Amino acid sequence: MEDIRIGNGYDVHEIAPGLPLWLGGINIDYHCGFVAHSDGDVAIHALCDALLGSLALGDIGHFFPDTSDEWEGVDSKILLAKVVEMVAAKGYRIGNVDITIALQRPKLAPHIPAMRGCLASVMGISPDRVGIKATTAENLGFVGRGEGCQVWASALVYKP
Ligand code: MG
């Protein structure tokens, strides 16, 4: 039987005015963005943790610490590419990933096809193996008040 493994990841970032909004690997035109040491792409961070978790490698903060100048303002796609290399180096391939983004504003539906295409390309897999869903928080809690974004991700990897 194939060696199949799964992982999950979770991340939160604060939203503030005047910052670029990077999410799912793409730049979305909006007057607010995520507060972070990197570009703040909270979806990619959760995805990286899901991939790392599938092989029990640790978490994104271990490999790319936010105290390091090296990763200041980094394009999170570079971090994802490095994580994908780690998975490949262990002899595994990515079966599929699935991401849920909770964000009150802006509406993400128009951007999801571009996000799927972008993340698929970074991971070297087909977009039909990249699920992305978006939800609001029905105006409840910190997400509902527009103060932050929460993302959950799952990843399945297998050894051919
Ligand atoms: Mg993060």
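Order of appearance sets the numbers: ligands from 1, and atoms from 1 within every ligand. Just so we're clear, the structure is a prediction, and the values are computed from it rather than from any experiment.
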Novice: If we ignore hydrogens and angles and just use 3.5 Å, is the side chain of Asp49 paired with the main-chain N or O of Asp59 as donor and acceptor?
Specialist: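 No: the side chain of Asp49 does not pair with the backbone of Asp59.
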Novice: Sort by chain and number the protein N/O/S atoms found under 2.8 Å from the Mg ion (ligand 1).
Specialist: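 Listed by chain and number, the atoms are Asp11 OD2, His13 NE2, His45 ND1.
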Novice: Salt bridge (charged side-chain N to carboxylate O under 4.0 Å, His left out) with Glu147: which residues, sequence neighbours excluded?
Specialist: Arg145
Novice: So, are Asp98 and Lys133 salt-bridged, with charged N and O less than 4.0 Å apart?
Specialist: yes
Novice: Which atoms form the tightest heavy-atom contact between Asn27 and Pro20, and what is the distance?
Specialist: ND2-CB, 4.1 Å
Novice: Please tabulate, for side-chain N and O atoms in residues 149-160, each donor-acceptor pair with protein atoms closer than 3.5 Å (sequence neighbours left out).
Specialist:
from, atom 1, to, atom 2, distance (Å)
Gln150, NE2, Tyr10, OH, 2.7

Novice: By side-chain hydrogen bond (donor to acceptor under 3.5 Å, both in side chains), which residues pair with Asn139, not counting sequence neighbours?
Specialist: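 Gln104.
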